[in-house]
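Chain letters run A, B, ... following the sequence lines, proteins first and then strands; every chain starts at 1.
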Amino acid sequence: MTVYSLLFYLLSLLTLAATAMAVTRRHMVHAVLYLVLSFFGTALLFYLLGAPLLAALEVIIYAGAIMVLFLFIIMMIRVEKEDDRFFPFLQWWPALLISGGFLAGLLALSREDLVRQPGMTVAQALPQVFGIHLFRDHWLAIEIASLLLLIALVGVLHLSRRRRADAIEEAP
Amino acid sequence: MVPFSHSLLVAALLFGMGLFCLLTRRNLIMMLLGIEVMLNAGALAFVAASLHWQQMDGQAMVLFILTVAATEVSVGLALIVALYRRTGSVDPDPPADRQLAAQAGEGGV
Amino acid sequence: MMSSPPIEVVLLLAVALGLPLTAFGVIMTLTRSQPRVSAIISLGAIAVAFGASLSLLIAHWGMPTPLVYEITWLVAGELPIPLGVLLDPTSLLMLTVVAAISLLVQIYSLGYMAGDPGFGRYYGCMSLFAWAMLTLTVSSSLIQLYIFWELVGLASYLLIGFWFEKWTASEAGKKAFVMTRLGDTAFLLGLILLWLNLGDLSIAGLNDPQVADRLSPGQLTLAAVLIFGGIIGKSAQFPLLTWLPDAMEGPTPVSALLHSATMVAAGVYLFARLFGFFSLSPAVMTLCLAVGTLSMLLAASMALVSRDIKQVWAYSTISQLGYMLMGLGAGGFTAGVFHLTTHAGFKALLFLCAGVLIHHFDTNDIFRMSQRGSRRQRLTLVCLVIGAAALSGLPPLSGFFSKEMILAHLAVHAHPFWLAAGLLGSFLTAYYTFRLIFVLLRPAAETPSDDAEGHHHSEPFGELCMAAVLVTLAGLTVVLGFGQGALTHFLSAAAGAPPPAPAHHLGWLPVVVLTLTGAAIVAAWWEFARQKRSETGWVDRFPTLATLFARRWYLDDLYRWLLDRVVYGGFSRAFTWNDQRVIDGGLDGLGQTVIDWGAISARLNRSQIQFRLMVLFAVVAVLVLYLAFA
């Protein structure tokens, strides 16, 4: 077991534990903070798996922008505790069943001995090489992605525009 | 380095947790959080595959996943805020259904 | 062919072309608010440019082959767009003429425009024009020529609408811009056609007779006709001739420089430039002859009844440009270019004289001028008479030689019909010119009051500038005619030009022309100058005819009708409909469709979202298991 592998397992454990904590917290701010930890772990995993640029982006976009956005919204709308509850307990079991089914399916797909497998070779995609690759072979997708962001921007602006009816409702 | 299937396993576990969150939380924000976890799990699988086959296309795909996630979160949160302004709650179901669900799930936590 | 010119030529050219542009930039950005500095900068630039072009002309007097110097400006795909100069006798002559007239007019403007609030802007625009026009004359390819052709049009627009606070002036500027643009569109289409088929737009290349082998006759004729459309627009020929009289709304020096001497002559110059190319298509040459003749006669008839001195000169400009086109269309390259040169001189003189009178009497109407005592402006009237005599073609002034050369060419090389038309035009020209002169020479009817003239006294320096320019131009008009032999020789030396026509000395032609001119002058004297004068021209006895002429043969009404019916009523309405119904309606329909589908799918997906998600994932999980184990 090399240092790489050791690090990988440690980070995976950290990520999984943080995520598990996140999805079960009742207080949403706690959930978000755990999730930030989870994303940090994922980012380190990315780095380990040879994607330094993506690791940086993961931290910046997921842990930075998206989670902060969540925090903003949570603080903005102040949901009462009562509303924040789990799904009726009776229906937990189908969820567990399905999650387990997925897990089983994925494990079955590998259908191999999980322990004695050859490890992957270590490699790293340098940011500049990755960038050149991206803009040469995926330029159209990049453009579409930028268009998507633009559409999202317009959509959010439209959605958050206060209409007169709302303004009256909100003016106590 | 670790075998490919181990990283896939981690991704699958993350995905499962996200799915669990999505299906069980009675709160739109938490559901959105679950979707984020699922997308993140997908991204992890792509990065691992990229390393496994020594091709950068997987990483490129992750970039697009990031874009989609950002888009989805911003639009989703905007929708949630709009919904909250209108109904004063972030419950995924309308009030009528909520009562029904409350009656059905006596053992709700 | 491609010989790189010596360094001093490049330097001189750089000076001639670069200085006016620099002046334009400096005036517009820095010194616009300081009239004196702006005028000095602009005048200095154009004076040096004139010196440079004159020395170029002298240095190349006996030049055997044209000089071409080109650099690649930019490459569009596989087509390089060159930027360069082509120096041959025609362009050198035109370069010098343009620089000289620009210089004189700018000196004149010192007096004419003195005290105008837009003085700096005026000189800036003049520099812009000088730069564009000088570069146009030496352009080596049609693309470059076209670019500067448009820049000249821009300068024209800016200067016609110089007094933009006056409604008619800004309208006239727009009219001029749009009408020339109509011709320019044809020009551009012709260029594209040539470019697609030849891949080369250099002037030297187009004048090569081999072009006829590389183009089908139909394409050749089409391209030539389209380019001729540009000439029609720029030189105000039929049917696009009505913008030029309206362009007289600009300051008079501008009319002298742009709208008589140089810019409108650019069309004729282009024809001379591509003379070899046009010669390949006999149909276009005939078209050119016909358009020239028609414009010449139409404009002359309009000039018969106009009371506005600038309008008369504007019509006469159209008419003389028609003459040039007649000469060129009949194959008389030298005759056309020579008339272009002499016309630039004497028409500028006529306009500048008119400017002095307008400045002094504050009216454009010749009858009012004579009532207010135009007779006492001795120097101006002497110069005016010299210019008018040259315009009518009286010996020994420059106009006589050049006009006689064109008529001689018509007599030898063309159908007698065209010659008859030319002679008729010459009669009409002499009649309307001397009608104006005799009216102005009449004794004053009212004693001029002092206060009427009081505020028109500009400072003596300005008066001096104007007078000096008039005398210089008058001297040129007298002298230039005797340079016919030398100029003919010089122009014939051009390699691209056709071989010099053998000297046709038709003894009878000058006699006929002079008889007609004399008759016209006598007629004008009879009606306007003798003791018991009738004060009405013969045209005025036929009211219908007079109205027809005065309203420009109803050409403007025709354009208005066409504009209202075809453009506004037809195209505009169709496009509005398309815009509202098809484009807007299409987008609205698209949006409505999306909304409708959204409503339908929303109806299908109401509430219980987590149950639905659960089912969805369950199905996917089953599918995965199935695919994994089956």
Side-chain angles (χ1 to χ4, degrees), chain A residues 4-5 8 12 16 19-20 23 28 31 35 39 42 45-46 49-51 54 57 61-62 66 69-70 73-74 77 79 83-92 95 99 102-103 106 110 112 114 117-123 125 130 133-134 138 141 145 148-149 152 155-156 159-160 166 170, chain B residues 1-10 12-17 19-21 23-27 29-30 33-34 36-37 40 44 47-48 50-52 54 56 59-60 62-64 66-71 73-75 77-82 84-85 89-91 101 104-105 107-109:
Chain A
Y4 277 121
S5 308
F8 177 85
S12 302
L16 289 173
T19 313
V23 299
M28 281 194 287
L35 209 58
F39 286 145
T42 321
L45 277 179
F46 281 3
L49 291 173
L54 289 178
L57 285 178
I61 297 180
Y62 260 117
I66 294 181
L69 195 62
F70 267 106
I73 300 298
I74 290 167
I77 61 182
V79 183
D83 276 6
D84 179 27
R85 62 188 193 282
F86 282 110
F87 200 63
F89 191 68
L90 277 179
Q91 273 107 34
W92 268 43
S99 302
F102 252 89
L103 201 59
L106 288 169
S110 64
E112 281 168 34
L114 274 180
Q117 270 185 347
M120 294 183 285
T121 38
V122 180
F130 177 56
H133 169 76
L134 203 58
H138 297 282
L148 185 68
L149 286 173
V156 168
L159 284 173
S160 57
D166 294 349
E170 291 225 336
Chain B
M1 194 63 186
V2 293
F4 178 43
S5 53
H6 288 200
S7 46
L8 276 189
L9 181 63
V10 174
L13 285 171
L14 272 178
F15 189 87
M17 288 180 187
L19 185 58
F20 176 80
C21 181
L23 291 186
T24 56
R25 301 301 294 258
R26 310 273 312 150
N27 179 333
I29 296 178
M30 288 308 288
L33 222 64
E36 290 306 306
V37 173
N40 198 40
L44 184 62
V47 172
S50 172
L51 183 69
H52 182 64
Q54 300 284 322
M56 278 188 287
Q59 296 195 12
V62 174
L63 197 73
F64 303 133
L66 278 179
T67 318
V68 171
T71 314
V73 163
S74 53
V75 175
L77 284 176
L79 279 170
I80 291 172
V81 170
Y84 180 76
R85 278 200 191 133
S89 108
V90 287
D91 200 282
V109 180

Report summary line: When rounded to the nearest 0.5 Å, the distance separating CG of A/Leu159 from CG of B/Leu77 is 11.0 Å

Requested in this report: Write down the atom of A/Phe130, the atom of B/Ala60, and the distance for their closest heavy-atom approach.
Outcome: CE1-N, 3.6 Å

Report summary line: Rounded to the nearest 0.5 Å, the OG1 atom of A/Thr19 sits from the CG atom of B/Leu13 at a distance of 10.0 Å

Report task. Mind listing the closest non-hydrogen atom pair of B/Ser74 and A/Leu69 along with its distance? Result -> CA-CD2, 4.2 Å

Report task. Write down the atom of A/Ala51, the atom of B/Val47, and the distance for their closest heavy-atom approach. Result -> CB-CG1, 4.2 Å

Requested in this report: Using non-hydrogen atoms and a 4.5 Å limit, figure out which bit of B/Ser50 sits close to chain A: side chain, backbone, both or neither.
Outcome: neither

Report task. Measure the CG-CG distance between A/Leu35 and B/Asn40 for me, rounded to the nearest 0.5 Å. Result -> 8.0 Å

Query raised in the report: Hey, are the side chains of B/Ile29 and A/Ile77 touching, using non-hydrogen atoms and a 4.5 Å cut-off?
Result: yes

Report task. Return the option, out of A/Gly50, A/Gly155, A/Ala141, with the maximum number of heavy-atom pairs under 4.5 Å with chain B. Result -> A/Ala141

Query - Under 4.5 Å from any heavy atom of chain B - which part of A/Ile61 - result: side chain

Query raised in the report: Would you call A/Phe8 and B/Val10 a side-chain contact if the rule is heavy atoms closer than 4.5 Å?
Result: yes

Query raised in the report: Rounded to the nearest 0.5 Å, how far apart are CG of A/Leu149 and OG1 of B/Thr71?
Result: 4.5 Å

**Report entry** B/Leu44 side chain reached by A/Leu49 side chain, heavy atoms, under 4.5 Å
**Finding:** yes

Query - Minimum heavy-atom distance A/Ala125-B/Met56, with the two atoms named - result: CB-SD, 3.8 Å

Query raised in the report: Which bit of B/Gln54 is near chain A, if near means a heavy-atom gap under 4.5 Å: side chain, backbone, both or neither?
Result: side chain

Query raised in the report: B/Met17 and A/Ala20: which non-hydrogen atoms are nearest, and at how many Å?
Result: SD-N, 3.6 Å

Query raised in the report: Under a 4.5 Å cut-off applied to non-hydrogen side-chain atoms, are B/Phe64 and A/Leu148 in contact?
Result: no

Query raised in the report: How long is the span from the CG atom in B/Leu33 to the CD1 atom in A/Ile74, to the nearest 0.5 Å?
Result: 7.0 Å

Requested in this report: Hey, could you give me the CD/CG distance between B/Gln59 and A/Leu57, rounded to the nearest 0.5 Å?
Outcome: 10.5 Å

Query raised in the report: Which atom names give the shortest non-hydrogen contact between A/Val23 and B/Cys21, and what distance separates them?
Result: CG1-CB, 3.5 Å

